[in-house]
Amino acid sequence: MHSHLHVLLLGGTSEASALARLLAARPDVPAMVSLAGRTINPTPPPIAHRIGGFGGVEGLCAFIEEHAVTALVDATHPFAERMSANAVAATRRAGVPLLALRRPAWQPRDGDRWSEVPDARAAVQALGPAPRRVFLTTGRLELPAFLAAPQHFYLVRSVDPPEELPPRARLILARGPFAEADEIRLMQEEAIDILVTKNSGGSATYGKISAARRLGLPVILLRRPETAEVETVATAQEALAWIERQG
């Protein structure tokens, strides 16, 4: 038994969901998932969970103390840099071990035509002034940057509806995974000539990357933000093994 363990899992990704399922089968390891609440209708995890922010580092420290958290697993999205930074600061202050469960970034292959940029504003600049038909899958939080380039047509895919769309845009509300064949068909039907997306990694949304390669389309790829050096694993099974070692 591991009754002295209490794991806090910062979730919101497929990796976090996989770890939650593993923990659900381990009643001897008390655990809770925290969801940021950015997705309107998140899939409920199979273990205890909460939704919402903590109120910065101080709030997370208070939560760790109040709930006697003994280990924290950061399985947030690779672009959730503020939450990851708060997790590092709070666990250091609280003296609680921290693990990052992070899918590896995509790596270029033969035939890829990538241009890597640091953020959405740089992606807008990289599109250039000439009108283009853009497949835009950066997520709704980055969408406002593209309002500054209304000359392009944007095929916007998002899990939740954004507050505002560029004037020439079509919205697709969908949640992955997305197969390569479907992505090829979509890009051809919409006459897409460039893809703009984040380097999220993982297999669920890789279909658009391989589809762009097959079609010979350029890709503007938002580079992952830099994060603090912490112990990192790529799979839920590895994360569970790490949790076991904390006991």
Side-chain angles (χ1 to χ4, degrees), residues 7-23 33-36 38-39 43 45 71-88 91 97-120 122-123 135-139 141-142 157-159 174-183 195-214 217-246:
V7 179
L8 175 60
L9 171 60
L10 305 181
T13 60
S14 57
E15 291 77 18
S17 297
L19 179 56
R21 289 192 295 271
L22 292 177
L23 289 168
V33 178
S34 178
L35 302 173
R38 289 184 175 179
T39 301
T43 302
L72 192 150
V73 178
D74 175 12
T76 56
H77 194 275
F79 283 78
E81 52 186 318
R82 179 176 296 180
M83 188 66 253
S84 292
N86 289 350
V88 171
T91 52
L98 169 66
L99 178 74
L101 172 54
R102 197 83 71 228
R103 67 189 78 148
W106 296 319
Q107 300 299 320
R109 300 183 184 179
D110 290 343
D112 283 328
R113 299 171 56 196
W114 289 5
S115 298
E116 292 191 285
V117 296
D119 54 33
F135 187 19
L136 184 58
T137 65
T138 56
L141 297 181
E142 280 72 27
R157 187 166 65 198
S158 177
V159 174
R175 188 190 302 268
F178 303 104
E180 178 188 299
D182 294 332
E183 300 288 62
L195 167 66
V196 180
T197 192
K198 293 176 176 176
N199 192 337
S200 300
S203 60
T205 61
Y206 187 72
K208 62 192 171 188
I209 299 294
S210 56
R213 184 189 310 123
R214 290 286 187 91
L217 299 181
V219 178
I220 298 175
L221 201 62
L222 275 63
R223 196 179 303 122
R224 289 188 179 193
E226 293 186 5
T227 56
E229 290 288 335
V230 300
E231 186 174 354
T232 303
V233 296
T235 69
Q237 290 78 8
E238 292 172 305
L240 182 61
W242 178 88
I243 291 169
E244 284 283 354
R245 292 197 294 273
Q246 307 316 304

Item to check | I220 side chain near L195 side chain, heavy-atom distance below 4.5 Å | outcome: no

Next on the checklist: Checking D119 now: which residues fulfil salt bridge (charged side-chain N to carboxylate O under 4.0 Å, His left out) with it, not counting sequence neighbours?
Outcome noted: none

Item to check | Pairing residues for E180 by the salt bridge (charged side-chain N to carboxylate O under 4.0 Å, His left out) criterion, not counting sequence neighbours | outcome: R214

Item to check | Heavy-atom pair with the smallest gap, counting every atom of A228 and V88 | outcome: CB-CG2, 4.0 Å

Next on the checklist: If I compare all heavy atoms of W106 with all of K198, which pair ends up nearest, and what's the gap?
Outcome noted: CZ3-O, 3.2 Å

Item to check | Minimum heavy-atom distance between A174 and R157, given as atom pair plus value | outcome: CB-CD, 4.2 Å

Item to check | pair V73-L8: side-chain heavy atoms closer than 4.5 Å | outcome: no

Checklist entry - Looking only at heavy atoms, which two atoms of R103 and P78 are closest? And how far apart? => result CG-CG, 4.3 Å

Checklist entry - Can you name the closest pair of heavy atoms from A20 and V33 and give their distance? => result CB-CG2, 4.1 Å

Item to check | Partners passing side-chain hydrogen bond (donor to acceptor under 3.5 Å, both in side chains) against T197 (at least two apart in sequence or in another chain) | outcome: T137, K208

Checklist outcome for this item: Contacts of R223 meeting salt bridge (charged side-chain N to carboxylate O under 4.0 Å, His left out) (sequence neighbours excluded), chain-then-number -> none

Checklist entry - Is there a side-chain contact between P45 and L35, using heavy atoms and a 4.5 Å cut-off? => result yes

Item to check | Validation row: S210, R109 side chains within 4.5 angstrom (heavy atoms) | outcome: no

Checklist entry - Does any non-hydrogen side-chain atom of D74 lie less than 4.5 Å from one of L99? => result no

Checklist entry - By side chain to side chain contact (heavy atoms under 4.5 Å, CB included), which residues pair with A75, not counting sequence neighbours? => result L9, T13, A16, L101

Next on the checklist: Any heavy-atom pair between the side chains of V230 and T91 that's under 4.5 Å?
Outcome noted: no

Next on the checklist: Applying salt bridge (charged side-chain N to carboxylate O under 4.0 Å, His left out), can you list everything that pairs with R224, at least two apart in sequence or on another chain?
Outcome noted: none

Checklist entry - Going by heavy atoms in the side chains, are T138 and L222 under 4.5 Å from each other? => result yes

Next on the checklist: Which residues pass the side chain to side chain contact (heavy atoms under 4.5 Å, CB included) test with R21, not counting sequence neighbours?
Outcome noted: S17, A18, P46

Checklist entry - Hey, are R102 and E15 close enough for a salt bridge, meaning a charged N less than 4.0 Å from a carboxylate O? => result no

Item to check | Sequence-distant partners of S34, side-chain hydrogen bond (donor to acceptor under 3.5 Å, both in side chains), two or more places apart | outcome: R50

Side-chain donor-acceptor distances from residues 234-243 under 3.5 Å, at least two apart:
unit_1	atom_1	unit_2	atom_2	d
T235	OG1	E238	N	3.1
T235	OG1	E238	OE1	3.1
E238	OE1	A234	N	3.1
E238	OE1	T235	N	3.0
W242	NE1	E231	OE1	3.3

Next on the checklist: With rounding to the nearest 0.5 angstrom, report the CG to CD distance, N86 to E81.
Outcome noted: 11.0 Å

Next on the checklist: Would you compute the distance between atom CD1 of I209 and atom OG of S203 and round it to the nearest 0.5 angstrom?
Outcome noted: 13.0 Å

Next on the checklist: If you compare all heavy atoms of A87 against all heavy atoms of L72, which two are closest, and at what distance to 0.1 Å?
Outcome noted: CB-CD2, 4.2 Å

Item to check | Partners passing side chain to side chain contact (heavy atoms under 4.5 Å, CB included) against P177 (at least two apart in sequence or in another chain) | outcome: A204

Checklist entry - Are F79 and E142 side-chain neighbours, meaning at least one heavy-atom pair lies under 4.5 Å? => result no

Item to check | Under the side chain to side chain contact (heavy atoms under 4.5 Å, CB included) test, residues paired with S115 that sit two or more places apart | outcome: none

Checklist entry - Taking only residues two or more places apart in sequence or in another chain, which ones pass side-chain hydrogen bond (donor to acceptor under 3.5 Å, both in side chains) with R245? => result none

Item to check | From S84 atom OG to L10 atom CG, the distance as rounded to the nearest 0.5 Å | outcome: 8.0 Å

